[in-house]
Amino acid sequence: MSELAVQTTDVTRIYGNESVPVYALRGVSLTVDVGEFVSIVGPSGSGKSTLLHVIGGLERPTEGEIIVGNTVLGSCTDSELTDVRLYKMGFVFQAYNLIPVLSAVENVEFILQLQGVGKKERREHAQEALRAFGLEDLFDRRPSEMSGGQQQRVAIARAVVSKPDVLLADEPSANLDSETTKEFCEYLQHANEERGVTILTATHDPLVMGFTKRQIRLVDGQIAA
């Protein structure tokens with residue numbers, strides 16, 4: 001029997017107020033095995049990003065249960081949820097979210113610094129992660145000195161450097177051309193196959209879907225297929 005990385009049960013997320021509720025998710029139940037590479041697909045407004053946000057503990061669901069590994073997110077305090085995100089999760093956003101004043105290697109080692117890893121060790125791990133994504137020539141460059149594709153690869157290196165259990169990528173190809181998207185997906189595939197990272201990506205890009213091993217289709221906040 002496969003080990004589960006993520007499980008959601010009847011997850012609902014409502015915005016707005018009681019008189020005008022806006023349902024982003026409606027009773028979503030799914031399971032993702034350890035080591036899977038899964039895409040959450042569907043049209044804009046279908047709830048893809050919201051689903052990733054609640055799985056990643058960035059938002060709390062209105063109803064339902066989410067389990068990441070052996071951790072029930074609904075039972076966590078805000079502080080415990082922060083630790084789950086720091087030690088168990090990796091995030092790649094379409095805006096990259098790199099720190100402008102830090103170099104590539106400093107951006108990647110920032111997560112390790114938050115985890116309390118010593119300076120020498122975190123620098124070695126950060127450089128190793130950047131080399132794995134073909135960025136050994138960019139150690140000292142700041143984000144403004146990199147192309148969009150290079151920034152995206154630095155963002156992946158930062159997301160996987162601490163060897164998270166689960167990597168969440170929200171519309172990662174939104175700002176990339178097709179060739180850079182292909183390269184990016186190959187790096188995600190590398191993280192999945194070589195590092196054993198479980199990956200969930202929200203996308204409507206067929207090129208990204210083609211790299212994933214399973215697709216979960218959302219329509220109007222519900223699983224359609």
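Scope of the values below: all heavy atoms of this structure, side chains included, with no hydrogens, waters or symmetry mates.
- Side-chain contact between Ile111 and Leu86 is present, with at least one heavy-atom pair separated by less than 4.5 Å.
- Arg158 has its side chain out of reach of Phe110: every pair of non-hydrogen atoms, C-beta onward, lies at least 4.5 Å apart.
- Annotation: ring-ring contact (aromatic ring centres under 6.0 Å, His included) contacts involving residues 14-46, sequence neighbours excluded, are absent.
- Linking ILVMFWY side-chain heavy atoms closer than 4.5 Å, directly or via other members, places Val6 and Ile216 in a single hydrophobic cluster.
- Asn107 contributes a side-chain N or O that, together with a main-chain N or O of Leu102, makes up a donor-acceptor pair within less than 3.5 Å.
- Distance check, rounded to the nearest 0.5 Å: NE2 of His204 to CG of Leu218 gives 14.0 Å.
- With Glu194 contributing its side chain and Ala191 its backbone, the two residues share no donor-acceptor pair below 3.5 Å.
- Of the possible polar contacts, one joining the Glu145 side chain to the Arg142 backbone as a donor-acceptor pair under 3.5 Å is found.
- Results of the side chain to side chain donor-acceptor pair (under 3.5 Å) test with Lys88 over Asp83, Thr71, Asp165 single out Thr71 as the only residue that passes.
- A distance of 12.0 Å separates CG of Leu114 from CZ of Arg85, quoted to the nearest 0.5 Å.
- When the options Arg123, Glu124, Arg122 are evaluated for a side chain to side chain contact (heavy atoms under 4.5 Å, CB included) with Val117, the one that passes is Arg122.
- With salt bridges taken as basic N to acidic carboxylate O contacts below 4.0 Å, none links Asp137 and Arg131.
- When atom types are taken as modelled, the side chain of Glu136 and the backbone of Leu130 share no donor-acceptor pair closer than 3.5 angstrom.
- Linking ILVMFWY residues whenever their side-chain heavy atoms come closer than 4.5 Å, directly or via other members, leaves Leu200 and Val160 in distinct clusters.
- Panel note: side chain Ser162, backbone Leu112; no donor-acceptor pair is recorded below 3.5 Å.
- A donor atom on one side chain and an acceptor atom on the other are not found under 3.5 Å apart for Asp140 and Ser103.
- One hydrophobic cluster, built from ILVMFWY side chains closer than 4.5 Å, cannot hold both Ile40 and Leu167; they sit in different ones.
- Rounding to the nearest 0.5 Å gives a distance of 10.0 Å between NE2 of His125 and CD of Gln115.
- Once rounded to the nearest 0.5 Å, the distance linking CG of Asn192 with SG of Cys185 reads 12.0 Å.
- Here the side chain of Ser147 pairs a donor or acceptor atom with the backbone of Gln150 at under 3.5 angstrom.
- A salt bridge links Glu171 with Lys48: the closest approach of a Lys/Arg side-chain nitrogen to an acidic carboxylate oxygen falls below 4.0 angstrom.
- Residues forming a ring pair (Phe, Tyr, Trp, His ring centres under 6.0 Å) with Phe211 (at least two apart in sequence, or on another chain): none.
- Using modelled atom types, no side-chain atom of Thr50 and backbone atom of Ala24 make a donor-acceptor pair closer than 3.5 Å.
- Within the model, atoms OG of Ser75 and CD1 of Ile66 stand 11.5 Å from one another, a figure rounded to the nearest 0.5 Å.
- Looking at every heavy atom in both residues, Thr198 comes nearest to Asp33 through CG2-O, 3.7 Å.
- The nearest pair of heavy atoms linking Glu65 to Val72 is OE2-CG1, 3.9 Å.
- Rounding to the nearest 0.5 Å gives a distance of 10.5 Å between CD of Glu59 and CG of Leu52.
- A salt bridge does not link Glu36 to Lys213: none of the charged side-chain nitrogens sits closer than 4.0 Å to a carboxylate oxygen.
- Residues Asp205 and Thr203 bring no donor and acceptor atom of their side chains to less than 3.5 Å of each other.
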